[in-house]
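All figures in this text were calculated on a predicted structure; none of them were measured in a lab.
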Amino acid sequence: MKQMKIPQFHDQAESVRQQFVQALPVIGFFLLMFYSVIFLFGMEYTMVVSLGTLIFQVNYKKKNTYEQVLLLIPHNLFLLILAYIATWNLPLCLVLNLVVPFWLIFSKSSQFNQLGYFSSLMTFAFLQLMPVDLHGFMIQLEAMTVCIVAGILAILFYMILDRKPHGIGTEQKVMDLMGRIMKKFLEGEEFRDDLTELFRYQRGLYQEAYQQRGKKHVVNSKGKLKYMFAMLTQRTVYLISNQSRLITPVNDEEKDYAYMLADYMIETGNTDFLSGERTDEIRNLKKKGRRLLRQAEQGKDEFYKSMTSFFWLFLFILYQAEQKDDSRMLQDEHWEIPAGQRLKERVLSHFRPDTFEMRFALRMSVVLMVGMAVNMLFDEGHSYWFVMNAFLLLRPMYEDSNYRMRTRFIGTAAGCVLVVLILPFSTGFASHLIIAGIMVACMYTATPGTTVHAVFVTCFALTMTTMAMGESSAVFLRMAYVLAAVLFVLVINRFFFPTSMGSQFRYNFQMIFHMHHMYLRILENALTEPLDYWRLCDAQIQYHMVYAQIRQDLPKLEKDQARQEYYYNILSIAWRMASEVQQMLFLVKHKKGGAEERRIMEQYIYYSDHVLNQIQEMLHLKKEKRIKNIVGMKYQRYIEGRLELSALMTQYARNLSRLYVIVLRRYRQP
């Protein structure tokens, strides 16, 4: 037994050492600011140290631009002013603590970035906790400015320090992997595991595009490149996963071409072709790509048509990657979101009681309004502990919040005991500050949200508090306010617009079907109007982000293997349908048909809408409202003279039928 315990202890000690080393920059920054603020401004202004440290902690490892980093200064100082105004009187307190959470959660968070609000909203909330007069506000403003500027300088230092190459991009991994899959396919080798990895990379590209959101566009120029490459990858994955006849060489000439394509892909995988920096290598790739394209264009069968389609998009991506001016990359026709649509798409679309942002913003607003009102109306000097803990305990998902309520209460109790044992040995102001510094180091080393983290948070808070009041009073108040915060947040989470992983999963499942209807609306509109690339880009990124989140959460929520397979089958078919309608969109966009073709496509779309709605009804999901009546319409999935479009329409219809049958069988089970 002893021989087993020693390695385990060694592993745990090594893990703690690694966490301490990783947290060392944050610990060092906090302690420097902590002692500086005490010396320059006074003990009562140390709250700004935690806020400045959080700004540094959240941003120093990010790949932000210099503009994004510098904008942190006015943003956080504006929040400081709002927080000061909120302390003037109760009406202003209630109004601002209702409005500001909505603003920050809607602008910085989403179901895919759930904690994007945290740093900014914590700044706004915590600066209200100990109200100050105008003179105190000016000192607080100076202290906050010092901490923010110090944090910005530290972030800029790390940005300069981290100018080394950032490794192989996802798009490079995709090209290399597609080249290797192509060779395995040609040589008859198994590539199922490679295909699974390619699926993962494809989802990763859409996620990377989502992280590059723009102001006037759905994505900025870098995000546009990621998005276009994600589309290219999706189409290639679709063809490979189907083992389509379209990519199967039928003679030696085509096989030789396929080998050349595989070598070209592998070579591309060794080139950072989206950076726009290695221009000579990009020009070489373009030259070879154009030569392969010309060779493909001379072919007549489906294999060469598929290769031609691949190279047209890939060479366009290379052309875009060479553009140094971001505006030239995004000023293509129909890529910019119309000014009248921006507010609707970015904000108003979330003002529904079933959206993640709306539900969480409502809960957070209630917590801050009640908590800040209690803090303002109570004379007890430490009532801010109630709203502070309530803010930290309220998380977007019920499961995370429930976990933190348990760990916070247990950790607070253990921390109170530890303080009672330690503080009798502390006899002066300096020793209190030394103990506080040790607790800070332990606090940032521990994993946030755990019991251990709560222990050291409590120890740090009580070490500072006991400089002004007795230990027993401080311990009693700390426990009382933490308990009150736990009970308050428990009630809010259970009865006021609750959001759990299960409910979010069901909402996401609903969104998958809703977005298939949206794809059909975009396809219908493309029959007569130019294709709005911004709308398609937004829809595709949203679809694949939701899709990835469902796959991520499914194993956590559904333990039954048979039900997991059922959902995975639905997702797999839905993914293929999304790929097919995407290809139909571009075929319709590049060649507008006549009135008869539009009539056939419109009726095909209305029938597809109808079947999707029936599937939703069997799944007990909310049905779409804007569905045309199909009585008297003729269903047809073939258009004369449009072989490729007809093939996609047929394949989409088959997948829709498969989806209907799978759901119907489950629906009819007793």
Exercise. So which pairs with a foot in residues 541-556 pass salt bridge (Lys or Arg N to Asp or Glu O under 4.0 Å), sequence neighbours left out?
Worked result: none
Exercise. With no hydrogens and no angle check, do the side chains of Tyr227 and Gln540 hold a donor and an acceptor under 3.5 Å apart?
Worked result: yes
Seminar exercise, completed: Across all chains, not counting sequence neighbours, the side chain to side chain donor-acceptor pair (under 3.5 Å) partners of Lys623 are none
Problem set entry | Set of side-chain contact (heavy atoms from CB on, under 4.5 Å) partners for Phe112, sequence neighbours left out | Ser110, Tyr210, Gln542, Met545, Val546, Gln549
Problem set entry | side-chain contact (heavy atoms from CB on, under 4.5 Å) against Asn284, all qualifying residues, sequence neighbours excluded | Glu267, Lys288
For this session: Please list, chain by chain and in numerical order, all residues satisfying side chain to side chain donor-acceptor pair (under 3.5 Å) with Tyr519, sequence neighbours excluded.
Result: none
For this session: With sequence neighbours excluded, tell me which residues meet ring-ring contact (aromatic ring centres under 6.0 Å, His included) with His514.
Result: none
Problem set entry | For Ser109, side-chain contact (heavy atoms from CB on, under 4.5 Å) partners two or more places apart | Ile105, Tyr117
For this session: Using salt bridge (charged side-chain N to carboxylate O under 4.0 Å, His left out) as the criterion, list what pairs up with Glu190, not counting sequence neighbours.
Result: Arg192
Problem set entry | Results of ring-ring contact (aromatic ring centres under 6.0 Å, His included) for Tyr259 - residues two or more places apart only | none
Exercise. Which residue pairs satisfy the salt bridge (Lys or Arg N to Asp or Glu O under 4.0 Å) criterion with at least one member in residues 511-529, sequence neighbours excluded?
Worked result: Arg521-Glu524, Arg521-Asp609
Exercise. Considering residues at least two apart in sequence or located in another chain, which fulfil the side chain to side chain donor-acceptor pair (under 3.5 Å) criterion with Arg203?
Worked result: none
Problem set entry | Those residues that, when tested against Tyr604, pass side chain to side chain donor-acceptor pair (under 3.5 Å) (two or more places apart) | none
